[in-house]
**Q** 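Take this structure, written in structure tokens, and hold onto it; I'll ask about it next.
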Amino acid sequence: MNILVIEARYYKGVSDALLEGALAVLQEAGASITKLTVPGALEIPHAIAYAEAGSQNFDGYVALGCVIRGETTHYDYVCQESARALMDLAVDKALVIGNGIITVENEDQAWARAKSNQKDKGGFAANAVLEMIRIRTALSEPAT
Ligand SMILES: Nc1c(NC[C@H](O)[C@H](O)[C@H](O)CO)[nH]c(=O)[nH]c1=O
Ligand SMILES: CC(=O)[C@@H](O)COP(=O)(O)O
């Protein structure tokens, strides 16, 4: 399995924690891993679309990022648009995408979801990719 992990490093420490959890899951599964860093969550969907149009033939994509509410409505747009774009890619292009972009009110909530020994949202997103690849493989096999 060839997996691309795209990490939005807007909050570097939280992103590193998400990445640690995701890599642990993928390495345990023996996946071939390529890592890519983008500035923020809004850049992740483009990176996936561009990678998919390339020649590296990824079996799945893990999107990692952290969006923390600020003073304005920008939070809503970053959260909704990044999630929407990932869903559009997953459905319209039939891509396997694990969404590990956490959307939280404060840093405490972010750390609780990013740490692999707590809610491990990065590991969960990676595992979702592995499960969907397994499901697609099962669906592609001839019916018995
Ligand atoms: N506020 C957060 C952002 N904002 C930046 C956008 O994602 C994007 O990089 C910018 O609008 C330029 O296109 N990104 C996060 O990942 N997390 C945030 O909390
Ligand atoms: C989620 C965001 O875009 C946020 O970091 C922006 O903060 P603010 O709304 O205070 O400009």
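Nothing fancy with the numbering, it's 1 onward along the sequence. Whatever order the structure lists them in is the order used to number ligands and atoms, beginning at 1.
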**Q** For ligand 2, which is the ligand I care about here, please tell me if His74 has any N or O atom under 3.5 Å from one of the ligand's N or O atoms.
**A** yes
**Q** Check whether any heavy atom of Cys66 sits under 4.0 Å from an atom of ligand 1.
**A** yes
**Q** Is the shortest side-chain heavy-atom distance between Glu43 and His46 below 4.5 Å?
**A**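 No - every pair of side-chain heavy atoms lies 4.5 Å or more apart.
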**Q** Any non-hydrogen side-chain atom of Thr34 less than 4.5 Å from a side-chain atom of Asn2?
**A** yes
**Q** What atoms of ligand 2 come closer than 4.0 angstrom to any heavy atom of Gly70?
**A** 7 (O), 8 (P), 9 (O), 10 (O)
**Q** What I'd like to find out is whether the side chain of Glu52 reaches to under 4.5 Å of the side chain of Tyr61, using heavy atoms alone.
**A** yes
**Q** Of all the non-hydrogen atoms in the protein, which one sits nearest to atom 8 (C) of ligand 1, and at what distance?
**A** Glu43 OE1, 3.3 Å
**Q** Identify the closest protein heavy atom to atom 9 (O) of ligand 2: which residue and atom is it, and at what distance?
**A** Thr72 OG1, 2.6 Å
**Q** Would you tell me which option among Cys79, Gly65, Ala110, Ala41 has the nearest heavy-atom contact to atom 16 (O) of ligand 1?
**A** Ala41
**Q** Output the list of atoms in ligand 1 that are nearer than 4.0 Å to some heavy atom of Gly40, sorted by atom number.
**A** 7 (O), 9 (O), 14 (N), 16 (O)
**Q** Does Leu130 reach the side chain of Leu26, with side-chain heavy atoms less than 4.5 Å apart?
**A** yes
**Q** At a 4.0 Å threshold, what atoms of ligand 2 neighbour a non-hydrogen atom of Ile68?
**A**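 Near Ile68, the atoms of ligand 2 are 1 (C), 4 (C), 5 (O).
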**Q** Look only at interatomic distance and state if Ile68 has a nitrogen or oxygen under 3.5 Å from any nitrogen or oxygen of ligand 1.
**A**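 By distance alone, the answer is yes.
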**Q** Which residue and atom name correspond to the protein heavy atom nearest atom 10 (O) of ligand 2, and how close is it?
**A**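 Nearest neighbour among protein heavy atoms for atom 10 (O) of ligand 2, to 0.1 Å: Glu71 N, 2.7 Å.
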**Q** Would you please determine whether Tyr75 falls within less than 4.0 Å of ligand 1 on a heavy-atom basis?
**A**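 Distance cut 4.0 Å: Tyr75 fails for ligand 1.
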**Q** Go through Arg69 and Asp76 one step at a time and tell me if the side-chain contact (heavy atoms from CB on, under 4.5 Å) criterion holds.
**A** CA-CA 8 Å; Arg69 187 183 299 276; Asp76 300 311; 3.6 Å; yes
**Q** Which of these, Tyr77, Tyr75, Tyr10, has its nearest heavy atom closest to atom 5 (O) of ligand 2?
**A** Tyr10
**Q** Within the 4.0 Å heavy-atom shell around Val67, which atoms of ligand 1 are there?
**A** 17 (N), 18 (C), 19 (O)
**Q** Give a yes or no on this: more than 12 heavy atoms of other residues, nucleotides or ligands lie within 6.0 Å of atom CD of Glu28.
**A**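 Atom CD in Glu28 is not packed in, count stays at 12 or less.
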**Q** Under a 4.0 angstrom heavy-atom cut-off, which atoms of ligand 2 come close to Val67?
**A**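 So the answer, numbered in order with elements, is 1 (C).
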**Q** Is any side-chain heavy atom of Ile44 less than 4.5 Å from a side-chain heavy atom of Ser82?
**A** no
**Q** Among protein heavy atoms, which lies nearest atom 14 (N) of ligand 1, and at what distance?
**A**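 For atom 14 (N) of ligand 1, the nearest protein heavy atom comes out as Tyr10 CD1, 3.4 Å.
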**Q** Any side-chain heavy-atom pair from Val14 and Trp111 closer than 4.5 angstrom?
**A** yes
**Q** Between Lys93 and Asp88, does at least one N-O distance fall below 4.0 Å, as a salt bridge requires?
**A** no
**Q** Less than 4.5 Å apart, side chain to side chain, heavy atoms only: is that true for Thr103 and Tyr75?
**A** yes
**Q** Heavy-atom contacts under 4.0 Å between Leu42 and ligand 1: side chain, backbone, both, or neither?
**A**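 The answer is both, backbone and side chain.
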**Q** Glu131 and Arg134: salt bridge (charged side-chain N to carboxylate O under 4.0 Å, His left out), yes or no, with the steps?
**A** CA-CA 5 Å; Glu131 282 300 302; Arg134 292 186 189 110; 2.3 Å; yes
**Q** Would you check the N or O atoms of Thr73, main chain and side chain alike, for any that come under 3.5 Å of an N or O of ligand 2?
**A** no
